[in-house]
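The block underneath contains the structure these notes are about, expressed in structure tokens.
No hydrogens, no waters, no symmetry mates; every other heavy atom, side chains included, goes into these values.
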Amino acid sequence: MQTKKLGFGLMRLPLTDRTDAGAIDVEQVKRMVDTFLERGFTYFDTAWMYCGFHSEQVAKTALVDRHPRDSYTLATKLHAGFINSLEDRDLIFNAQLEKTGVTYFDYYLLHGIEAAMLPKYEQFDCFQWLLDKKEKGLVKHAGFSFHDSAQLLDEILTKHPEMEFVQLQINYLDWESEWIQARKCYEIAVKHGKPVIVMEPVKGGTLAKVPEEAEKLFRESAPHMSVPSWAIRFAASLDNVMMVLSGMSSLEQLEDNLSYMEHFQPLTEEEKKLTGKVADIINAQIAVPCTGCSYCTEGCPQKIAIPQYFSLYNEDMRENLEEKGWTINFTQYEILTGKFGKAKDCVECGQCESVCPQHLPIMEKLKDVSAHFDH
């Protein structure tokens, strides 16, 4: 396993056009990749659909084509939403090998397992299929990412002890959440002796920009540390965690992460208690706990920019709107609706809610967004 716990998540890469998930600033990504490797970090995480299906190709361009194969570790994933036959498994896997330019993957995951998706993975025998890939040397380590209850995770690991690791959403905001069950899922992984890879440690950026009251607590405790550093360090401080993924979207974010993860110091007990206080403050203010993964947008018939709208809405809900009356978010919303459908255009087909890892009531929340922005 890795000695340095920070992994480079190739999911929220820098863009030249913020309205186009595929408009990746490849030159900046190259600089980020080079810096990451130069500082002794090696783990890169991508997936079939990330960045509008362009992430794996960028991994080839910025990483694989430019660095020796033994200098990095590459992980990617198979998502049940894109397979409808036994043949589809290999079609996607072989395309991933071609897109990334590698001959094997260090880590390969069945992607985003939850109750609704699990039957499909079982139907197409994906667990055994993944083991076959490992036996052939096409995959070094087999595991899965997971978004559901601790009980279901326990059932899966009991049925499939051959899985070597599990990727979980863990952050201090979701640690005691009865919905995400971060702590409970972590404890199940420990129970089964499975190393944990952490996703969403900063919860899609939510924990990078916290309420002023919460930021003050962090600054008073450690003036030299950035706000997101607390989130990354919280996850990395857990004993059974082997890797913490950060979806870094700028060279500045990468440099900040490296500054405290290069010579990582776990949180003290007092610092852990402080993250709990901050979580209480944030939970009291957040309107829609969206992580911005964008799984919901790929199949939206109205092309609604759901994560972007939720982000703007969350920002406004933290503002004193009676005092301000207007915020820049109204302009940002109008700009986005020039390219995407408005919140009020939702036809309530339910596609978005069926794939949301957070199990959010998206259709209902879009009505709130529409009431706020659509005038």
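Figure legend: cation-pi geometry between K134 and Y108 absent, as NZ or CZ is not positioned both under 6.0 Å from the six-membered ring centre and within 45° of its axis. Figure legend: K184 and W175 shown without cation-pi pairing, the cationic atom not lying both under 6.0 angstrom from the six-membered ring centre and within 45 degrees of its axis. Remark: K365 fails to qualify as a cation-pi partner of F310 under the 6.0 Å distance and 45° angle criteria applied to the six-membered ring.
Residues T337 and F373 form no side-chain contact, since every pair of their non-hydrogen atoms from C-beta on lies 4.5 Å or further apart. Side-chain contact between D154 and H192: present, with at least one pair of heavy atoms (C-beta onward) separated by less than 4.5 Å. Looking at heavy atoms from C-beta onward, F124 lies out of side-chain contact with W129 at the 4.5 angstrom threshold. Side-chain contact between F44 and T73 is absent, with no heavy atoms from C-beta onward closer than 4.5 Å. Put simply, the side chain of W48 reaches to within 4.5 Å of the side chain of I92, judged on heavy atoms. The shortest side-chain heavy-atom distance between L254 and L251 falls under the 4.5 Å cut-off.
Summarising the local packing, CD of E122 is surrounded by more than 12 heavy atoms from other residues, nucleotides or ligands at distances under 6.0 Å. Other residues, nucleotides and ligands contribute over 12 non-hydrogen atoms within 6.0 Å of the CD atom of Q123.
Ionic pairing of D90 and K133 is present here: one or more N-O contacts between side-chain nitrogen and carboxylate oxygen are shorter than 4.0 angstrom. Using a cutoff of 4.0 Å between basic side-chain nitrogens and carboxylate oxygens, K77 and D45 are scored as salt-bridged. Of the charged side-chain nitrogens involved, at least one lies within less than 4.0 Å of a carboxylate oxygen, so that E255 and R39 count as a salt-bridged pair. Electrostatic pairing of R12 and E200 counts as a salt bridge here, judged by a charged N lying under 4.0 Å from a carboxylate O. Using a 4.0 Å cut-off between a side-chain N of Lys or Arg and a carboxylate O of Asp or Glu, E155 and K159 do not qualify as a salt bridge. Contact check on E270 versus K273 returns a salt bridge, with a Lys/Arg side-chain nitrogen under 4.0 Å from an Asp/Glu carboxylate oxygen. A salt bridge is absent between E27 and R31; no separation between the charged side-chain nitrogens and carboxylate oxygens falls under 4.0 Å.
Without hydrogens or angle criteria, D148 side chain to A115 main chain gives a donor-acceptor distance under 3.5 Å. With hydrogens and angles ignored, the 3.5 Å screen pairs no side-chain donor or acceptor of T61 with any backbone N or O of V58. Listed for the Q351 side chain is a donor-acceptor partner under 3.5 Å among the backbone atoms of C296. Between the side chain of N314 and the backbone N or O of I286, no donor-acceptor pair lies under 3.5 Å. A donor-acceptor pair is defined here as one N or O able to donate and one able to accept, closer than 3.5 Å; no such pair exists between the side chain of S221 and the backbone of F218. A distance-only check finds no donor-acceptor pair linking the side chain of S71 to the backbone of H67 [under 3.5 Å]. Looking at K4, its side chain never comes within 3.5 Å of a backbone N or O of T42 through a donor-acceptor pair. Side-chain N or O atoms of K120 include one that pairs as donor or acceptor with a backbone N or O of I83 at under 3.5 Å. In this structure, S55 contributes its side chain and L10 its backbone to a donor-acceptor pair below 3.5 Å. Between the side chain of R89 and the backbone N or O of N84, no donor-acceptor pair lies under 3.5 Å.
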Return a table of donor-acceptor pairs under 3.5 angstrom between the side chains of residues 338-349 and protein atoms on other chains or two or more places apart.
{"from": "K339", "atom 1": "NZ", "to": "T19", "atom 2": "O", "distance (Å)": "3.4"}
{"from": "K339", "atom 1": "NZ", "to": "T19", "atom 2": "OG1", "distance (Å)": "3.1"}
{"from": "D345", "atom 1": "OD2", "to": "K342", "atom 2": "N", "distance (Å)": "2.8"}

Review item, side-chain donor-acceptor pairs of residues 231-247, under 3.5 Å, at least two apart:
{"from": "R233", "atom 1": "NE", "to": "Q265", "atom 2": "O", "distance (Å)": "3.2"}
{"from": "R233", "atom 1": "NH2", "to": "Q265", "atom 2": "O", "distance (Å)": "3.2"}
{"from": "R233", "atom 1": "NH2", "to": "E271", "atom 2": "OE1", "distance (Å)": "3.4"}
{"from": "S237", "atom 1": "OG", "to": "R233", "atom 2": "O", "distance (Å)": "2.6"}
{"from": "S237", "atom 1": "OG", "to": "L267", "atom 2": "N", "distance (Å)": "2.8"}
{"from": "N240", "atom 1": "ND2", "to": "K194", "atom 2": "O", "distance (Å)": "2.6"}
{"from": "S246", "atom 1": "OG", "to": "N257", "atom 2": "ND2", "distance (Å)": "2.9"}

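The aromatic rings of F330 and H372 lie tilted to each other, with the angle between the two planes from 30° to 60°.
Taking the six-membered ring where the residue is Trp, the centroids of Y72 and F41 are separated by 6.0 Å or more. If you look at Y121 and F144, their ring centroids are not closer than 6.0 Å. Between Y107 and F165, the distance from one ring center to the other falls under 6.0 angstrom.
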(request) Starting from the C-alpha separation in whole Å, work towards a yes-or-no answer on side-chain contact (heavy atoms from CB on, under 4.5 Å) for V210 and I281. (result) CA-CA 9 Å; V210 299; I281 293 170; over 6 Å; no

(message) Using the rule given for side-chain contact (heavy atoms from CB on, under 4.5 Å), can you reason through L207 versus V227, listing the C-alpha separation, both sets of side-chain angles and the distance that settles it, and then say yes or no?
(response) CA-CA 7 Å; L207 304 183; V227 170; over 6 Å; no

(request) Mind running side-chain contact (heavy atoms from CB on, under 4.5 Å) on L366 and I304 for me, showing each step along the way? (result) CA-CA 10 Å; L366 280 175; I304 299 171; 4.3 Å; yes

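For the residue pair A189 and V196, the shortest heavy atom distance occurs at CB-CG2, 3.5 Å. Nearest approach of P357 to C293, heavy atoms of both residues: CD-SG, 3.8 Å. Closest approach of A116 to P119, counting heavy atoms only: O-CD, 3.6 Å.
Judged by distance alone, the side chains of Q169 and D174 do bring a donor and an acceptor atom under 3.5 Å apart. Checking D132 against Q128 by side-chain atom types alone, a donor-acceptor pair falls below 3.5 Å. Side-chain contact, H147 with E114: no donor N or O sits under 3.5 Å from an acceptor N or O. Between the side chains of T76 and T46, no donor-acceptor pair is found at a separation under 3.5 Å.
Among residues two or more places apart in sequence or in another chain, the side-chain hydrogen bond (donor to acceptor under 3.5 Å, both in side chains) test is passed with Q181 by none. Contacts of D34 classified as salt bridge (Lys or Arg N to Asp or Glu O under 4.0 Å), with partners at least two apart in sequence or in another chain: R66. Checked against side-chain hydrogen bond (donor to acceptor under 3.5 Å, both in side chains), E269 has the following partners two or more places apart in sequence or in another chain: K272. Taking E334 as the reference, nothing meets the salt bridge (Lys or Arg N to Asp or Glu O under 4.0 Å) condition, with sequence neighbours excluded. With sequence neighbours excluded, no residue satisfies side-chain hydrogen bond (donor to acceptor under 3.5 Å, both in side chains) with Q302. For H54, there are no ring-ring contact (aromatic ring centres under 6.0 Å, His included) partners two or more places apart in sequence or in a different chain. Scored by the side-chain hydrogen bond (donor to acceptor under 3.5 Å, both in side chains) test, Y295 finds H111 as partners (sequence neighbours excluded). Contacts of Y172 classified as ring-ring contact (aromatic ring centres under 6.0 Å, His included), with partners at least two apart in sequence or in another chain: none. Partners of Y309 by ring-ring contact (aromatic ring centres under 6.0 Å, His included), not counting sequence neighbours, listed by chain and number: Y333.
Residue pairs meeting the salt bridge (charged side-chain N to carboxylate O under 4.0 Å, His left out) criterion with at least one partner in residues 67-76, sequence neighbours excluded, are R69-D106.
Linking ILVMFWY side-chain heavy atoms closer than 4.5 Å, directly or via other members, places L109 and M199 in two distinct hydrophobic clusters. Hydrophobic cluster membership is shared by Y50 and F53, with clusters built from Ile, Leu, Val, Met, Phe, Trp and Tyr side chains linked at under 4.5 angstrom.
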